[in-house]
Each structure stands twice: as structure tokens, then as C-alpha cells.
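Data first, discussion second: the structure below is written as C-alpha cells.
Sequence lines set the chain letters: A, B, ... in the order given, protein chains first and strands last, and positions in each chain run from 1.
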Number of protein chains: 2
Amino acid sequence: MKAKIGDVAKSAGVSPTTVSRVLNDRGYISDKTREKVQKAMKELNYFPNDVARSLFKKRSNLIGIILPTTSNPFFGELTFHLENICNSLGYKVLLCNSLNQMDKEERYLEMLLRNQVDGIIVGTHNQGILDYHKQNLAIVAIDRYLSDTVPVVSSDNYEGGKIATELLITEGCKHVVLIDSVGELETPARLRRNAYVDIMLKNGKKPIIYEIPKIFDRQSQREVADIIFTEHPEVDGVFATNDLFAASFIAEAKKRGKDVPGQIKVVGYDGTETVQTLFPELTTIKQPINLMAKKAIDILDRQMEGEFNNLQLETSLPITLLRGSTT
Amino acid sequence: MKAKIGDVAKSAGVSPTTVSRVLNDRGYISDKTREKVQKAMKELNYFPNDVARSLFKKRSNLIGIILPTTSNPFFGELTFHLENICNSLGYKVLLCNSLNQMDKEERYLEMLLRNQVDGIIVGTHNQGILDYHKQNLAIVAIDRYLSDTVPVVSSDNYEGGKIATELLITEGCKHVVLIDSVGELETPARLRRNAYVDIMLKNGKKPIIYEIPKIFDRQSQREVADIIFTEHPEVDGVFATNDLFAASFIAEAKKRGKDVPGQIKVVGYDGTETVQTLFPELTTIKQPINLMAKKAIDILDRQMEGEFNNLQLETSLPITLLRGSTT
DNA sequence: CTGAAAGCGCTTACAG
DNA sequence: CTGAAAGCGCTTACAG
């Protein structure tokens, strides 16, 4: 059976209190005692039970991450960086893939709370979360507005949308279509769309917007591309707010014998490592995923240390244009 | 402050024992009492503390997942499926990205143990894990041999390697090169290489094997491609044991003006959703990720229920060939 | 420098 | 049908 603190104490001939002291390097202990205890711990292959510790300390060092799905390269990479940084700080990560489903999000949220997480990183639009934030639970959102009091970290979506749209227009596109996620909510990512609309209007062009209903479904992406070709055969430029949408559109274009970038130019969004490897030709707007993760955890950590005031409520990190050969 | 069971008891005018009973639906309770308690829980917005529960029950319902990195599409998708299935079964997932670094793996392992996980799913080659398995910790490996007693779930790697190599030869390739991960250990995935060697020899051809030193690094992948072109300019076929390697090789080929599949044919491996979206032209061997996840958790769950005998020690799921236009 | 006692928030025999 | 007591494995005042 697993050794407990009492077993170590008995074996070392001291009290559990003393064992706890050497474990936590706390208070005075004679070198001799410390050695005895350490020897006993080795022998019994003892390591502390963090569940018991958490219960007493009212601190779990657990961080919950709720996001749509790690299957998506952006979130897969974001998850890696988040977990990696958490780990280096001594935090452990409880992962939740909500698929953007409200009901799942709510159940995940309750699960995290029951498990006494010290903080939550939210990459989905969970609104129920608001209530809990007030109960001084540390929360930070990535690319989502949750409430006036929850800090949001994102990259400069407006600038990204602006650069993408302007590039297409500069390259001579007359009919630029936007392919975006279906969106009920006002999210920072929606600024990409806003920028597209602004730039189009500024150039005297009519914005044409299509939404992917099931954003993580390849089939759904292809169908929308198909509809675009039917309804707007004149399309000669596409700004997709997500690289996967861009790739699906291009696949559909090729199927129809359309040349990219000859007849249609395409710009994507995200610029993950995965996309840069699998589809390096794609012109896209790259988000600084690692920086976003760092910043999010920085803000979360501050809250977990009790600093709920003076939090930077909105952080916008710089994006970069990756020029490929699809424009 | 967070309501505790005592607060609910006081508010409902009963004992904590009774509250616990309605919480767990255990023993006899009068309907009237149950209602009183439920009303009090609602009012106080009470939900149980799972840390305290775990401590008493000696069961955390926590599952640790150790894998290289969710940044990689295969592992990103695998993680999604694993977590998703765990969630549906009432388990929670503690995520660990080890980057295949031994020291990180060992630290993660100890972390998981301290946190009293009920089971561990391992997608890396952690050897230290063996010792703990004997202490009746539930463990299942994905694509890794850990020891004679740890069940392994993988897809039919030999068959995949065979199909890929045979396809290239059938298509007329004379000089087929293998691009593989650097590999110290005997893993199921290594069977892809074994199959390649067998088929090459069977066809009277000399196997030519290159290894990517830093497998998650795009730069490293490109460098190996570069070396292949220098050392084997005659190369007209490539079997890459990973789609990212394949993509990097193709990028390097294009840079040199080589036509794929005209001058060089390429087959990858994994066939994730991400690859199918971003690089649908790639011919590749698709692993049944969802099935692998299901099977792994099935085996883990059985162990967590105390069934350590009669475990299927080796599971090999069927792969499929996805024919694209790179062959 | 070290230990006995109390308690973290629950659950479960055991009584009644 | 309900409650008082003990205990899960730790840690931390408080004494000495």
C-alpha cells in the first residue's frame, strides 16, 4: 500500500508533525532528524498526497482550461503552451473540450468548481461563469468577452482583419468574400469581420459575408464554399477568419478548376505551426499563440495571488502577416 | 464564502449526515427532509467539494494523460477524443505535455501520483511508470510498449507501413526513402519502418532511412529533406511516418522545382482531420484515432474497476489508405 | 528543536 | 428515517 505520513513518522521514530516539517521545509529541524526522516521517505517510497494537502490549504494549484477542442490546431497549440507554462509555475491543468456547446460548458464549469480549481482559462463563450468570478475565482478569457470584470487576452484582431482585406484589395481583387464562424456573440475575433466590413466600405465595395454553421466540420466548410461559388461566381478574393476555412475553400476552388492565386486570392487566419508545415503556401495572419498563453497565465496568476484590482482588462497582442502564394 | 455541507445542514435544520445522504442518494430519507435539504442547497448555491470527497473515498476520478504535445495534430485530436470519452464516463483529465523529454515525464508522473489519479494514459515512452503499475495503478499505453504488463493500444502499424511502401513501388518508384522519427526505443510505430524495410528487401531494393532529430521542429524536418536531396538526388519516392514530415519534404521538393507526384511520389502517415483539411492532396495512412481512444479508455476503465487480469495486452486497430494526388 | 491536538469538508458504519 | 462520532492524509497554531 501507499505510504502515508504516519508510516514515515513511525519508521523514522518521530511525529507526523516533524515529517510534515521536513516535507515543507518549515520551522526548525535538527539536521539529524531531517536526515532520518528523509531516509525513511526514501525507503518507503513516500510522496505526499496532494488531495489531503489541497483540502487543508484550500488551494489546489489546479487550473481549468475550457476551450472548444484541441483537435483544432489553434487550440491544440494554445493548450500546449498554456499547459507548459502552468507546469513551469507549479500548476496542474484540468482540460475541458466544450465544442462550444453551452450545456457542456456549464457542466464543465461546475465540475471545475467542485474540484476546487484555483483559476480558469476560458476560450469559449461561457456566460454562466460570470457569477462565479464575483466569488473571487481567478478567471481569464482568451478571445472572449465574458463580462466587464473578466480580463481578456487576444491578438489584434481588427488589425489582422484590416491587413488581410487590404492585401486582397491591393492585389486587385474586385469581389472579396468573407468566410467567418457562425457568431451569435460579440467576441474580439469578431473584430476581424468588422475590419473587413470597414475596409470594404471604405473602398466602395459591398461586403459579402458567409458563415460556417458547424465550424469544426470539414463537410460544413466545403458546403459553404460550394454555396459561395454558386451565389457569387464572380468571387476573386476570400478572407477566411480561420486557416481551415481557407483550406477548405481552396480545395473546393481547385475542384472547380479555379486557379489560386490566378483567379482567386485567399488569405487565412491563425498561422499555427501546423498550418505553416502542412500548408506553407497559405497567406495568413499569424496570431502570437505563445505570447497569448503567457499573458493569460500572467494575469491569472496575479489573481490567484489575490490581486483582483489593477488587472489589465484588455490585452491585444500584435499579429503578423505571413505571405504565401495564395495571394 | 463557499457554502459547505454544515451550512446547508444548519439552513435546512438537519445534520450534515442527512445532507450527505440526499447528496449521494443513499439510505432512507423522507421526502419532506429531502425537499428541505434540496431547497437549502439551492438557496446557498451549494455544490460539494470533490477534494474532500476524493480524500475520503480514496478515488479521485482523475485520469492523467501524458503525451508529447497537443500541438501535433495527431495528439491534439487524440487528446480531444480521450478527454471527451473520459468526460462522458465521469472522469476528469489532467493533461501533461512531455515533449518526449524523460525528465519531464518523470516529474509529470510523480505529479499525477501525488494527485491521486485513478489511471494514466501514456503516449510517450516513460519507463519509470513500470514500477507504479505494479502498485495497481491503472495504466494503458498508446503506441508504446512500457512493459509486459501494460496494455498497449495502437493501430496496425505494420500493415500501414506495408501498404504505403507497396503503393510507392507499385506506382513505379525505384528509389524509395523512408523518413522516420528518431527512435531509440522499440515502439509499435517502429513497425512502420520494419514493414518498409521488409517490403523493400522483398522487392530487391535497398532501404534508405533518414531520421528527424527534433521531430516537432519544422526546421529540423526541412533540413533532413535537404540532406536527402543532396545525398540521394535519385529519390523518386518517399514514405514519411508522419504527415508533417511528408509535408515538409514536399515543401522542400517544390523549392527545388521537383514535381510531386510527377518526379517524386510521397505517402504520409496519420491522416488526421487537420491534415485532411489543410492538405487533402496528401496520400496517407489514416489511423482510427477515435477508436484508439475508445479502446484505451475501455481498457483503463476496466482496470480502475479492479480488473487487472484478463486484460487485452495488445490491441491493433485497422488503418486505411487515403489516396490523394501525391502518389 | 519536537509533539499532541484540532481541523480542512466530506462520508460511512453504527446507534437509535 | 435521522444523528453523533470517527476518520480520509495532511498542516498549522500552540505548547513545551
Intra- and inter-strand pairing of DNA chain D, written as dot-bracket with Watson-Crick and G-U pairs under 3.5 Å and | for the latter, reads |||.||||||||.|||
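Residue A/Ser30 is in sugar-phosphate contact alone, with no base atom involved, counting any heavy-atom pair closer than 4.0 Å across all strands shown. Contact annotation for A/Asn24: backbone-only contact, meaning every heavy-atom pair under 4.0 Å involves sugar-phosphate atoms and none involves a base. Counting any heavy atom pair closer than 4.0 Å across all strands shown, A/Ser54 reaches no nucleic acid atom.
Of the two residues near DNA chain D, B/Lys58 and B/Thr18, the one whose nearest nucleotide lies more 5' is B/Thr18. When each of A/Arg26 and B/Val14 is assigned the nucleotide of DNA chain D bearing its nearest heavy atom, the one mapping closer to the 5' terminus is B/Val14.
Counting non-hydrogen atoms of neighbouring residues, nucleotides and ligands closer than 6.0 angstrom, the CG atom of A/Asn310 reaches no more than 12 such neighbours. The neighbour count for A/Asp103 CG, taken as heavy atoms of other residues, nucleotides or ligands under 6.0 Å away, is above 12.
Distance check: B/Leu137 CG to B/Leu300 CG gives 8.5 Å after rounding to the nearest 0.5 Å.
Chain B approaches DNA chain C over the interval C/dG9 to C/dA13, counting the first and last nucleotide 5' to 3' with an atom under 4.0 Å from its heavy atoms.
Taking both residues in full, the closest heavy atoms of B/Ser60 and B/Val117 are given as OG-CA, 3.7 Å, listed atom of the first, atom of the second, then distance. When all heavy atoms of B/Met304 and B/Arg59 are compared, the closest pair comes out as O-NH1, 3.4 Å.
Salt bridge B/Asp298/B/Lys294: absent, no basic N to carboxylate O contact under 4.0 Å.
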| said: Please determine whether side-chain hydrogen bond (donor to acceptor under 3.5 Å, both in side chains) holds for the pair A/Lys104 and B/Asn84, giving the CA-CA distance in whole Å, both sets of side-chain angles, and the decisive distance to 0.1 Å. | reply: CA-CA 11 Å; A/Lys104 290 198 105 185; B/Asn84 206 26; 2.9 Å; yes
Going through the checks in order, is the side-chain hydrogen bond (donor to acceptor under 3.5 Å, both in side chains) test met by A/Ser15 and A/Thr18?
CA-CA 5 Å; A/Ser15 74; A/Thr18 300; 3.3 Å; yes
